[in-house]
Student: 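I am attaching a structure below and will ask some questions about it afterwards.
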Amino acid sequence: MTLRFFDTLSGTLRDFEPLRPGEVGMYTCGPTVHDFQHIGNYRTFLFEDLLRRHLRGKRYRVVQVMNLTDVDDKIIRKAAAKHMTIGEYTAVYTEAFFQDLRTLNIEPAEVYPRATDHVGDMVTLIERLMEKGHAYELDGSIYFRIASFPPYGRLAKLDPKGLKAGARVDADEYDKEDVRDFVLWKAPREGDPVWDTRIGRGRPGWSIECSAMSMKYLGESFDIHTGGVDNIFPHHENEIAQSEAATGKPFVRYWLHAEHLQMTGEKMAKSLGNFTTVRDALAEGYQPRAIRYALLTGAQYRRKLNFSPDMFGAAESALRRLDDFVARVRAVPDSRPGEPLDLVSPTQAAWEAALDDDLNLPVALGHLFDLVHEVNRLIESGSLGAPAKRQVLELLGDVDRILGVLRLEEQTLDAEVERLIAEREAARTSGNFQRADSIRADLARRGILLEDTKQGVRWKRTGP
Ligand SMILES: [Zn+2]
C-alpha cells in the first residue's frame with residue numbers, strides 16, 4: 001500500500017507525495033506556554049511523534065518545526081497577575097514542556113522557534129499583506145480583510161454567507177459564529193509587552209506567528225501541517241489566508257488534525273477545569289511508558305479517545321504482557337534448531353500497511369498481537385527455534401521504533417541479585433523456607449519479581 005493521509009482541506013484520503021523526493025517539511029503547532037500542558041495536548045504531540053517516526057521509518061528526511069507561543073492574551077494576563085515579565089513567566093512552562101516530551105519519549109523536532117524571537121518576520125509578512133491590500137490599519141491595530149481572500153473558510157467548511165466582512169475581532173480565539181476581519185497586529189494596551197516596529201508599536205496576534213515561522217523554516221509551500229482539531233478554526237484558517245494572500249502560492253499540501261481526548265464526553269481542556277497533566281499521572285505512580293502507550297494506541301488519531309481513570313493502569317498491564325513475551329522469546333536457547341517462521345514477514349507487511357493507511361496504529365497492533373499469540377503457542381510447545389527467535393526479536397525492534405515503549409535490551413541481573421537468587425534456591429532445597437521467603441521479599445522491594453516455574457526460577461523487573 002502507498003502511504004496516505006486524511007487531508008482536512010480536501011476532506012479525503014490522499015496518497016502522500018512530498019514536494020521534494022525523499023524529504024518532508026512538517027509544521028506542528030506547539031504549546032502556548034502559559035501552564036503545564038494537559039494530557040489531551042500530549043495526545044496530539046504523540047500523534048505527531050507517530051507521524052514523524054513512521055515517515056523516518058520510510059526513509060524520509062524529516063524537518064519538523066514546532067513553535068512555542070510565548071506571547072498571547074492568556075500569557076500576558078497570567079504574567080501580570082504574578083508581577084512577572086512574560087519571559088520570566090513562560091520560562092518555567094517551556095522547561096516543563098521539554099521535560100514532558102522526554103518523559104513521553106517524543107522525538108525532538110528539528111526546530112523550536114519562539115514567537116518572541118520572530119516578531120521581525122511577522123512584521124515583514126504583515127507589510128506584504130498591507131501592500132497587496134489584504135490588510136488595513138485601524139486605531140493602531142492591523143486587521144486581515146477576509147473579503148479580499150475569497151477562499152477564506154475552505155478548511156473549516158464555513159458558510160460564506162456567515163462571514164461578517166468589515167466587522168472586526170480582536171481576540172486570539174473566537175467561534176465559527178464570529179467570523180470577522182481578524183487581528184494581525186494589536187495596538188499597545190496598558191501593561192502589554194510591546195515591540196517598536198516599522199508597522200508601529202504593538203504586539204502580534206496569535207495566528208500570524210505560525211505563518212511567519214513555518215514559511216521561514218520550511219519555505220512558502222511545504223508538505224504537512226498538523227495540529228489538534230480545535231486549531232482548524234480560526235487558527236489554521238487564518239494561517240492559510242495570511243500565507244496564501246501574501247505569496248500567491250499554495251501554503252500546505254496536507255493538513256492533518258488529531259481528535260480530542262475526551263473526559264466524560266467533553267473535550268479535555270483547561271477552560272473546562274478537568275485537566276490532568278503528565279505530572280499528575282506520574283504522581284499517581286504510573287510509568288511514563290504507560291502514559292505514552294495509552295495516549296498513542298488508545299484510538300486512531302482521527303477518532304475521539306475517551307479518558308478513563310484506569311487507562312494508564314490498563315496500559316501498564318498490556319506492557320507487562322509484552323515484557324513477559326520479550327523475556328520468553330529471549331529465553332529460547334540460541335542453540336535450539338528450527339525453521340524460520342512464515343508468519344513474521346506477513347506481520348511486518350501488515351504492520352506497515354496499517355500505518356501507511358492514515359497511521360492506523362490500533363489495526364497495526366492487532367497484527368502484532370496475532371503474532372504474539374502464535375509465537376507464545378510455539379514457545380509453550382517447545383517448537384520455537386533460534387532462527388525464528390531472531391526474526392521475532394528483529395520485528396519487535398522495528399515495531400518499537402514506532403511504539404517507543406518496549407524493553408528489548410537484555411535484562412541482566414547484577415551480581416548481588418544473582419547471588420541472592422542462588423542463596424534462595426539453596427535455602428529452599430535445604431527446607432529453610434523462612435530464609436527463602438525473606439530473600440524473595442527483599443528482591444521484590446528492589447523491583448525484581450521471582451516466579452517458580454517447572455523450568456526453574458524466572459525473574460522480571462516490576463519497577464519503571
Ligand atoms: Zn499554530
Side-chain angles (χ1 to χ4, degrees), residues 7-9 25-35 37-38 40-49 51-52 63-76 86 90 93-94 97 101 106 109-119 121-122 125-126 129 144 152 154-156 169 171-174 176 182-186 203-247 250-260 269-270 301:
D7 166 41
T8 308
L9 185 59
M26 161 173 160
Y27 188 85
T28 59
C29 283
T32 300
V33 281
H34 69 105
D35 203 339
Q37 302 297 300
H38 60 75
N41 296 129
Y42 286 107
R43 185 193 182 197
T44 302
F45 299 138
L46 281 163
F47 139 68
E48 288 149 353
D49 185 56
L51 173 60
R52 68 169 279 139
V63 177
Q64 181 188 3
V65 179
M66 180 186 273
N67 67 303
L68 301 171
T69 299
D70 57 356
V71 54
D72 87 330
D73 296 346
K74 285 189 290 262
I75 289 170
I76 292 168
I86 59 168
T90 56
Y93 298 108
T94 303
F97 170 68
L101 292 186
I106 291 176
E110 280 63 30
V111 193
Y112 289 104
R114 287 162 207 256
T116 53
D117 291 337
H118 293 78
V119 174
D121 299 293
M122 299 180 219
L125 183 56
I126 294 170
L129 290 168
F144 186 91
Y152 193 85
R154 274 197 314 156
L155 184 74
V169 55
D172 284 328
E173 292 174 81
Y174 47 92
K176 275 190 188 180
F182 59 89
V183 70
L184 301 168
W185 185 257
K186 299 189 183 202
R203 67 176 175 97
W206 170 35
S207 291
I208 193 72
E209 70 174 83
C210 286
S211 284
M213 297 194 286
S214 61
M215 294 197 290
K216 173 169 182 150
Y217 292 100
L218 298 171
E220 293 182 345
S221 295
F222 59 91
D223 297 305
I224 301 178
H225 195 313
T226 66
V229 286
D230 49 336
N231 289 146
I232 294 174
F233 186 84
H235 186 47
H236 291 167
E237 192 69 61
N238 292 355
E239 277 189 51
I240 294 175
Q242 294 159 162
S243 306
E244 298 194 353
T247 67
F251 177 44
V252 166
R253 291 164 66 82
Y254 301 85
W255 285 94
L256 274 60
H257 291 101
E259 255 297 348
H260 289 134
K270 269 165 267 193
Y301 76 92

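As the structure lists them, so they are numbered: ligands from 1, and atoms in each ligand from 1. The model shown is predicted, which means the values in this text are computed figures rather than measured ones.
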Student: Applying side-chain contact (heavy atoms from CB on, under 4.5 Å), can you list everything that pairs with Thr8, at least two apart in sequence or on another chain?
Tutor: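 Thr8 satisfies side-chain contact (heavy atoms from CB on, under 4.5 Å) with Leu155, Ile232, Trp255, His257 only.
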Student: Return yes if some donor-acceptor pair links the side-chain N/O of Asn67 with the main-chain N/O of Pro113 below 3.5 Å, else return no.
Tutor: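 No, the answer is negative, given that no donor and acceptor are paired below the 3.5 Å cut-off.
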Student: Hey, which protein N/O/S atoms does the Zn ion (ligand 1) have under 2.8 Å?
Tutor: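 Metal shell, protein only: Cys29 SG, Cys210 SG, His235 NE2.
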Student: Give the ring-plane orientation class for Tyr217 versus His118, where under 30° counts as parallel, over 60° as perpendicular and anything between as tilted.
Tutor: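 The rings of Tyr217 and His118 stand perpendicular, inter-plane angle above 60°.
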Student: Minimum heavy-atom separation for Lys216 to Asp121, with atom names?
Tutor: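 The pair with the smallest heavy-atom distance is NZ-OD2, 3.3 Å.
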Student: With side-chain hydrogen bond (donor to acceptor under 3.5 Å, both in side chains) as the test, would you mind laying out the steps for Gln242 and Ser211 before giving the verdict?
Tutor: CA-CA 7 Å; Gln242 294 159 162; Ser211 284; 2.9 Å; yes
Student: Would you say the ring centers of Tyr27 and Phe251 fall short of 6.0 Å from each other?
Tutor: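 No; Phe251 has its ring centre 6.0 Å or more from that of Tyr27.
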